[in-house]
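Contents: one structure, followed by commentary.
Note that these values count all heavy atoms, side chains included, but never hydrogens, waters or copies made by symmetry. All values reported here derive from a predicted model rather than from experimental measurement.
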Amino acid sequence: MFYFRLIVMISGILSFVLSSPIWANEMGEQNRDKQETVHQIGRVVVTADQGGTKGIAIEPGTTSIDLDTYRGPGHKETIQDILQGIAGVDIQRTTLALSDDRDAVKIRGFGGRRFMVRIDGRPIRNSGGFGDTLVDWTSLSLENVERIEVMRGAHSAVYGETIGGTINIVTKKGGTREDMKPEVVMDADYSSYDTQSYTVRLTGNADSLGYALAGGYRSSDGYLRNSDYEIRGFTGRLSYLFPFDGRLTLGYKISNQDKGLFVVNDPSRSDYDSSYPDIPVDAFGTPYYSGGENFFDRTTQYFDLIFEQPTKLGDWKIHLYKTREDRNQVMNQFFIGDYRKHCWDFIFDDYGWIVQNRVSLFDNHHVTFGFDGKNLYGEYCMHRPPLGPTEADRQKKIEHRAGYIEDSWQINEALNLTLGLRYDYADMDFTAFKGDIDEWSPKSQLTYEFVPGTKGFVYISKAFRVPTWMEYCWMGYSTGENLENETAMEYEVGVSKELGNKNSIQLTYYYYDVDNYIVYNHALNPRAAEMAGRPLSDSLFNANYLRLQGIEAELNFEIFERLGGYINYTYQDYDLGPMRVLEDEARIDVYQLPRHKANLGLEWDPWEDTTIMADIRYVDDRKTSLNKKIDGFVTMDLGLEQSFRNKKLRLKGYITNLFDKEYEEIYLIPAPERTFGINVSYTF
């Protein structure tokens with residue numbers, strides 16, 4: 001059946017590609033003259049103005065968002081706010097007001113365990129996984145971000161340890177102006193629920209020293225009961241350009257968060273508060289109740305040192321980094337017949353490095369090779385009355401090493417073949433489990449330009465990821481003893497086509513065959529399995545396979561000079577293989593995944609310095625692991641922006657969820673009602 005679908009898809013793509021070749025050639029040549037160069041190193045796509053609208057550029061396998069030119073109707077505070085409108089990406093938040101701390105982003109049906117987030121190429125995913133907090137999305141604020149690159153799939157040997165894809169956040173490094181005049185951008189935003197946001201960014205240079213400094217403050221009362229938050233952040237980058245063309249960059253980012261944990265608000269309970277939306281007990285895996293403390297404090301820090309040096313023997317890059325996360329969580333929970341105060345304190349820190357070189361051979365081979373490694377450390381203290389405290393001193397938990405090579409061979413003007421090979425090795429050292437795993441992952445990418453501006457591409461690759469701390473040592477049990485390596489074969493075919501100036505379209509079909517897919521039992525943790533006399537392998541195990549396929553269609557368009565936008569559509573479906581427990585006990589990424597999803601963004605300039613923006617989002621019905629239905633929804637956000645003083649001063653008013661649609665991104669947790677906001681920014 002798969003091969004039949006693949007043949008049908010290829011036939012349709014070829015018909016699309018070969019239609020109107022003369023028109024495509026003419027429009028492609030016009031667009032090529034106006035585009036700036038696109039540089040690709042591995043799967044890192046660096047684009048200037050590609051002709052797309054709203055700062056969105058689409059390339060085979062990659063969608064890039066330029067934050068300096070991207071505009072939307074609402075106020076975007078974190079990376080996940082931007083990702084909401086990207087094909088193949090699903091956002092499933094329990095609260096949209098930033099008090100959420102769940103695995104909220106999925107790429108092609110895979111959650112945070114199966115894709116990688118990076119800052120300037122280095123990984124930031126926390127391998128601990130306690131409470132599904134693999135990525136601290138709240139810390140990924142936008143005040144010092146230059147560009148976001150969404151690379152779907154695992155077709156790069158350079159970017160490993162992923163199945164679903166990679167999100168690379170490219171930061172601002174500083175200016176290079178001869179007059180050394182700094183740029184200051186100030187932004188303030190106020191919206192419903194007393195939600196406030198203030199940011200300041202300073203960018204400039206002093207001779208060869210570039211600097212990019214940014215600070216921000218965010219707070220809100222929240223719209224769910226006990227979902228208030230207060231967040232402070234700072235990001236700094238110093239970059240020095242040496243006379244011998246080498247560049248040294250020092251980076252530091254910190255996010256300090258004080259967030260309330262929203263609680264049960266059930267009309268059947270005596271502590272019900274009708275001023276907040278209803279939240280039944282069934283909405284939680286482990287409920288939090290009013291009448292006690294429920295809060296979440298976290299400080300996340302990112303440290304970076306990067307040295308880049310072009311030489312006759314290639315372009316070298318050495319990247320040293322460190323991440324530290326301090327987390328304190330207090331919950332009022334019902335346990336063994338009484339409400340009790342539970343406290344969790346965690347410290348995760350990791351140290352890593354990347355050594356990479358990119359060299360050109362024979363004018364048509366561009367070879368990238370390198371090594372990377374990371375050591376994860378962790379310590380924790382948990383108090384769960386009446387069980388007593390559980391503590392663990394700081395210890396190295398996972399040691400990960402990898403090597404890779406990737407050759408991009410420009411066979412002729414139209415045909416490019418990229419072949420790569422990656423080797424990963426990980427050594428786990430937990431109290432309950434000790435062991436190591438390794439895997440080879442070959443990669444291949446074939447791109448052919450049929451006519452100028454029209455490319456077809458076929459990717460076939462093997463993917464691998466290192467399981468997380470929680471998978472190998474869940475609740476201190478040796479759950480990793482029964483796990484097989486989770487690998488995947490990924491197949492992708494598509495076509496991208498330029499349709500003249502500021503118009504481009506891309507169509508992609510993908511099929512993933514994941515072997516030994518790791519599954520949690522949401523109804524039976526290891527301690528519960530032990531108490532029930534069931535084997536430990538009933539709590540965490542491998543399903544035989546997960547097969548996932550989908551279609552992504554993306555279009556950037558300009559109807560006329562003052563009206564443009566983007567539209568994308570995603571179809572996705574899956575088949576889960578046999579496993580050792582009933583399916584309604586399984587917790588897997590693809591549950592609550594919509595089969596159909598679409599986004600439409602419009603930007604209209606009716607008058608000089610006036611812009612009207614609208615985003616429309618459609619999400620299909622979904623089902624939970626217990627086969628409960630979540631209704632589909634359509635929402636619309638609307639914004640009006642007026643610029644003054646040669647666009648240095650911008651004033652915007654906006655409405656999110658314009659038609660006050662009642663909907664859920666996560667089962668039984670209502671999304672916000674219609675909200676209003678105002679934003680002002682000034683550039684000095």
Side-chain angles (χ1 to χ4, degrees), residues 40-45 56-65 79-80 82-92 103-125 134-135 137 140 147-170 402 404 406 418 420 422 424 441 443-445 457-466 468 486-494 496 506 508-514 517 546-554 568 570-572 574 589-590 593 597 599:
Q40 183 165 328
I41 304 175
R43 295 280 287 178
V44 183
V45 177
I56 299 176
I58 52 178
E59 284 285 320
T62 302
T63 300
S64 300
I65 305 99
I79 299 296
Q80 62 182 356
I82 301 293
L83 297 176
Q84 178 174 293
I86 303 301
V89 178
D90 290 281
I91 306 296
Q92 298 174 347
D103 194 8
V105 178
K106 294 181 179 179
I107 300 180
R108 288 182 171 172
F110 296 109
R113 290 182 174 84
R114 295 179 172 90
F115 70 84
M116 184 64 73
V117 181
R118 297 175 179 264
I119 297 178
D120 293 328
R122 68 91 146 188
I124 65 167
R125 187 176 70 189
L134 285 155
V135 180
W137 294 103
L140 301 180
R147 186 176 63 259
I148 303 169
E149 300 162 346
V150 181
M151 292 163 271
R152 295 175 288 266
H155 302 290
S156 169
V158 176
Y159 284 171
E161 203 182 344
T162 180
I163 293 179
T166 299
I167 298 171
N168 188 40
I169 302 164
V170 181
Y404 55 85
E406 189 168 85
T418 300
R422 183 179 178 91
D424 287 273
S441 303
K443 316 284 185 179
S444 65
Q445 308 169 51
F457 54 94
V458 178
Y459 300 157
I460 302 175
S461 301
K462 182 181 178 181
F464 167 73
R465 74 175 181 96
V466 176
T468 64
E486 183 179 281
T487 62
M489 286 301 300
E490 303 189 355
Y491 309 88
E492 194 165 332
V493 58
S496 64
Q506 183 165 285
T508 305
Y509 170 81
Y510 63 89
Y511 179 89
Y512 295 167
D513 188 354
V514 184
Y517 184 81
L546 173 72
R547 292 170 184 157
L548 187 69
Q549 63 176 334
I551 298 172
E552 295 161 357
E554 302 172 87
N568 60 61
T570 302
Y571 166 83
Q572 47 203 358
Y574 70 92
D589 287 350
V590 290
L593 192 70
K597 184 171 73 78
N599 296 283

Worksheet item: Are Val135 and Ile167 close enough that some pair of their side-chain heavy atoms sits under 4.5 Å apart?
Response: no
Practice prompt. Might you work through the side chain to side chain contact (heavy atoms under 4.5 Å, CB included) test for Ile460 and Met489, ending with a clear yes or no?
Written response: CA-CA 7 Å; Ile460 302 175; Met489 286 301 300; 4.2 Å; yes
Worksheet entry | pair Gln506-Asn568: side-chain heavy atoms closer than 4.5 Å | no
Item to complete: Nearest 0.5 Å please: distance from the CZ atom of Phe464 over to the OG1 atom of Thr162.
Response: 12.0 Å
Item to complete: Say whether, by atom type as modelled, one donor and one acceptor occur between the side chain of Thr166 and the main chain of Asn168 under 3.5 angstrom.
Response: no
Practice prompt. Please list, chain by chain and in numerical order, all residues satisfying side chain to side chain donor-acceptor pair (under 3.5 Å) with Lys462, sequence neighbours excluded.
Written response: Glu439
Worksheet item: Would Gln572 and Asp90 satisfy side chain to side chain contact (heavy atoms under 4.5 Å, CB included), going step by step from the backbone distance to the final call?
Response: CA-CA 11 Å; Gln572 47 203 358; Asp90 290 281; 3.0 Å; yes
Item to complete: Give the intermediate values and the outcome of side chain to side chain contact (heavy atoms under 4.5 Å, CB included) for residues Asp120 and Val170.
Response: CA-CA 5 Å; Asp120 293 328; Val170 181; 4.1 Å; yes
Worksheet entry | Distance-minimising heavy-atom pair for Phe115 and Phe110 | CD2-O, 3.3 Å
Practice prompt. Might you work through the side chain to side chain contact (heavy atoms under 4.5 Å, CB included) test for Ile91 and Val105, ending with a clear yes or no?
Written response: CA-CA 5 Å; Ile91 306 296; Val105 178; 3.8 Å; yes
Fill in: Pairwise distance CD(Glu552) to CD(Glu492) - rounded to 0.5 angstrom
7.0 Å
Item to complete: Return the minimal non-hydrogen interatomic distance between Lys597 and Ile86, and the atom names on each side.
Response: NZ-O, 3.4 Å
Fill in: side chain to side chain donor-acceptor pair (under 3.5 Å) partners of Lys443, counting only residues at least two apart
none
Worksheet item: Do Ser64 side-chain atoms and Ala57 backbone N/O form a donor-acceptor pair below 3.5 Å?
Response: no
Worksheet item: Nearest 0.5 Å, what's the CD1-CD1 distance between Ile79 and Ile119?
Response: 8.0 Å
Worksheet item: Does any donor atom in the side chain of Arg152 or Thr63 lie under 3.5 Å from an acceptor atom in the other side chain?
Response: yes
Practice prompt. Rounded to the nearest 0.5 Å, what's the gap from CG on Asp589 to CZ on Arg108? Could you check?
Written response: 15.0 Å
Practice prompt. Quick one: closest heavy-atom pair of Pro60 and Phe457, and the distance?
Written response: CB-CD2, 3.6 Å
Discussion item. With rounding to the nearest 0.5 angstrom, report the CD to OG distance, Gln445 to Ser156.
Written reply: 7.0 Å
Discussion item. To the nearest 0.5 Å, what is the distance between CE on Met151 and CD1 on Ile107?
Written reply: 9.0 Å
Worksheet, complete the sentence: Heavy-atom nearest pair, Glu406 first then Ala157, reads OE2-N, 2.9 Å
Worksheet item: In terms of ring plane angle, is the pair His155 and Tyr459 parallel, tilted or perpendicular, where the classes change at 30° and 60°?
Response: tilted
Worksheet entry | Least distance between heavy atoms, Tyr511 atom then Gln549 atom | CD1-CB, 3.9 Å
Worksheet item: How far apart are the closest heavy atoms of Ala154 and Glu490, and which atoms are they?
Response: N-OE1, 2.9 Å
